[in-house]
Amino acid sequence: MRGDLHVRWLGRREFASALALQEELVAQRRVDDSLGDELLLLEHQPVYTIGRTSDQTSLRDAAHLPHPVFPINRGGQATYHGPGQLVGYPILDLRRCGQDLHRYLRWLEDLLIGLLEVYGIRAAPRPGLTGVWVEDRKIASIGVGVRHWITMHGFALNVSGDLSPFDHIVPCGISNVRMTSIEIESGQKFSVEEIANRSKEIFLDRFSEFRLDKHAQSSLI
């Protein structure tokens with residue numbers, strides 16, 4: 001616990017159980033705003049998800065995908081989660097951080113860029129596209145949901161392993177996107193738990209600043 005943020009490593013989880021846990025944590029914070037913020041770090045069994053949109057074309061042929069599909073309450077098009085990918089679900093009360101969703105998304109991108117720098121990977125955002133890229137290759141996806149200013153869902157960072165399940169969809173609705181991973185870009189193999197431990201430190205180090213900066217700005221209004 002640092003800066004009132006509790007980080008948990010959950011290991012490998014089925015998507016449904018992780019979603020149920022997020023729902024539970026969000027519901028608790030809606031009725032008790034004294035509860036602290038949480039970050040769930042985990043890895044999923046293979047699954048596709050798609051956000052709240054009437055346009056399902058990014059799934060291509062959903063009936064013939066090799067893994068289950070979950071429609072969920074986040075923004076964005078289809079993506080894939082599976083072994084070798086670090087998934088992070090921040091459960092944050094943005095009422096304590098200025099109620100600024102755009103700033104929250106940019107903060108997540110900056111954290112992931114800082115994490116990748118640790119492994120010698122120069123990453124950056126791309127104008128008009130949420131997520132993190134290494135040149136023209138996408139290494140991390142971000143899609144969040146917000147209920148009464150409490151966040152759920154979050155980010156997925158490709159660490160290692162098989163990226164071919166992305167070939168069955170149009171990742172994030174971006175045609176001809178190339179997916180990459182820490183393993184591909186660094187030439188080294190890392191476990192998801194190892195990357196999770198490093199990301200935990202970065203989140204803890206920067207979370208207080210994220211909250212305090214916005215509180216300072218609010219006090220000037």
Side-chain angles (χ1 to χ4, degrees), residues 2-3 5 7-12 37-44 49 74-92 97 101-144 151 153-167 169 171-174 176-211 213:
R2 195 184 309 163
L5 176 67
V7 183
R8 284 196 263 172
W9 166 246
L10 302 180
R12 189 174 297 182
D37 297 302
E38 293 213 34
L39 170 62
L40 308 177
L41 296 173
L42 62 151
E43 167 178 39
H44 278 310
T49 69
R74 62 159 171 81
Q77 288 285 341
T79 194
Y80 164 77
H81 300 308
Q85 185 184 74
L86 173 63
V87 175
Y89 294 139
I91 312 296
L92 310 182
C97 306
L101 183 58
H102 177 79
R103 179 173 179 265
Y104 172 56
L105 291 171
R106 302 293 81 76
W107 181 67
L108 289 178
E109 288 174 341
D110 287 344
L111 286 172
L112 293 170
I113 289 167
L115 173 61
L116 291 165
E117 285 177 356
V118 173
Y119 300 95
I121 299 170
R122 296 184 61 183
R126 292 185 71 178
L129 297 172
T130 301
V132 177
W133 304 71
V134 182
E135 298 178 350
D136 63 343
R137 304 175 296 280
K138 193 169 191 183
I139 195 167
S141 302
I142 296 174
V144 304
T151 68
H153 306 300
F155 66 87
L157 173 64
N158 301 326
V159 176
S160 62
D162 183 16
L163 298 178
S164 66
F166 284 105
D167 298 337
I169 60 173
C172 301
I174 305 170
N176 301 315
V177 66
R178 295 171 59 196
M179 305 301 293
T180 190
S181 66
I182 292 177
E183 180 181 12
I184 291 170
E185 298 298 331
S186 69
Q188 301 178 67
K189 192 172 181 65
F190 300 95
S191 71
V192 173
E193 186 171 4
E194 179 180 351
I195 303 299
N197 288 334
R198 184 58 65 94
S199 70
K200 171 182 176 179
E201 290 305 312
I202 290 175
F203 266 84
L204 289 173
D205 285 343
R206 299 190 184 182
F207 183 65
S208 293
E209 180 180 310
F210 175 63
R211 291 184 61 185
D213 281 356

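The model shown is predicted, which means the values in this text are computed figures rather than measured ones.
We find the CG-CZ distance between L41 and F155 to be 5.5 Å, quoted to the nearest 0.5 Å. Once rounded to the nearest 0.5 Å, the distance linking CG of L10 with CD of E193 reads 11.0 Å. The CD atom of Q188 sits 10.5 Å away from atom CD1 of I182, with the distance rounded to the nearest 0.5 Å. Atoms CE and NZ, on M179 and K138 in that order, are 6.0 Å from each other to the nearest 0.5 Å.
Taking both residues in full, the closest heavy atoms of A196 and L86 are given as CB-CD1, 3.7 Å, listed atom of the first, atom of the second, then distance. Of all the heavy atoms in V192 and W9, the pair that sits closest is CG1-CH2, 3.8 Å.
Side-chain contact between Y89 and E38: absent, with no pair of heavy atoms (C-beta onward) separated by less than 4.5 Å. Residues P90 and L108 have side chains in contact (heavy-atom distance under 4.5 Å, counting atoms from C-beta outward). Under the 4.5 Å side-chain criterion, counting only non-hydrogen atoms from C-beta, I139 is not in contact with L112. Here the side chains of T151 and V144 are not in contact, with every heavy-atom distance at 4.5 Å or above. The shortest side-chain heavy-atom distance between L5 and L92 falls under the 4.5 Å cut-off. Side-chain atoms of R74 and T79, non-hydrogen and from C-beta on, do get closer than 4.5 Å to each other. Here the side chains of R106 and R103 are not in contact, with every heavy-atom distance at 4.5 Å or above. No side-chain heavy atom of L39 sits under 4.5 Å from any side-chain heavy atom of K200.
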Q.
Working note: L116 + E185, criterion side-chain contact (heavy atoms from CB on, under 4.5 Å); need CA distance, chi angles, decisive distance, verdict.
A. CA-CA 10 Å; L116 291 165; E185 298 298 331; over 6 Å; no

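Side-chain atoms of S141 never come within 3.5 Å of backbone atoms of A156 as a donor-acceptor pair (strictly under, hydrogens ignored).
Classification of the W107-F207 ring pair by plane angle, with boundaries at 30° and 60°, yields tilted.
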Please list, one pair per line, the donor and acceptor atoms closer than 3.5 Å that link side chains of residues 158-166 to other protein atoms, with sequence neighbours excluded.
| from | atom 1 | to | atom 2 | distance (Å) |
| --- | --- | --- | --- | --- |
| N158 | OD1 | Q85 | NE2 | 2.9 |
| N158 | ND2 | T180 | O | 3.0 |
| D162 | OD1 | S164 | N | 2.9 |
| D162 | OD1 | S164 | OG | 2.7 |
| D162 | OD2 | S164 | OG | 2.9 |

Could you list the donor-acceptor pairs under 3.5 angstrom formed between side-chain atoms of residues 118-134 and any protein atom two or more places apart in sequence or on another chain?
none

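By the 6.0 Å contact criterion, CZ on R198 is open, its count of non-hydrogen atoms from other residues, nucleotides or ligands being 12 or less.
Here E209 does not pair with R206 in a salt bridge; the nearest charged N to carboxylate O distance is not below 4.0 Å.
When the side-chain contact (heavy atoms from CB on, under 4.5 Å) test is applied to R178, the partners found at least two apart in sequence or on another chain are D136, R137.
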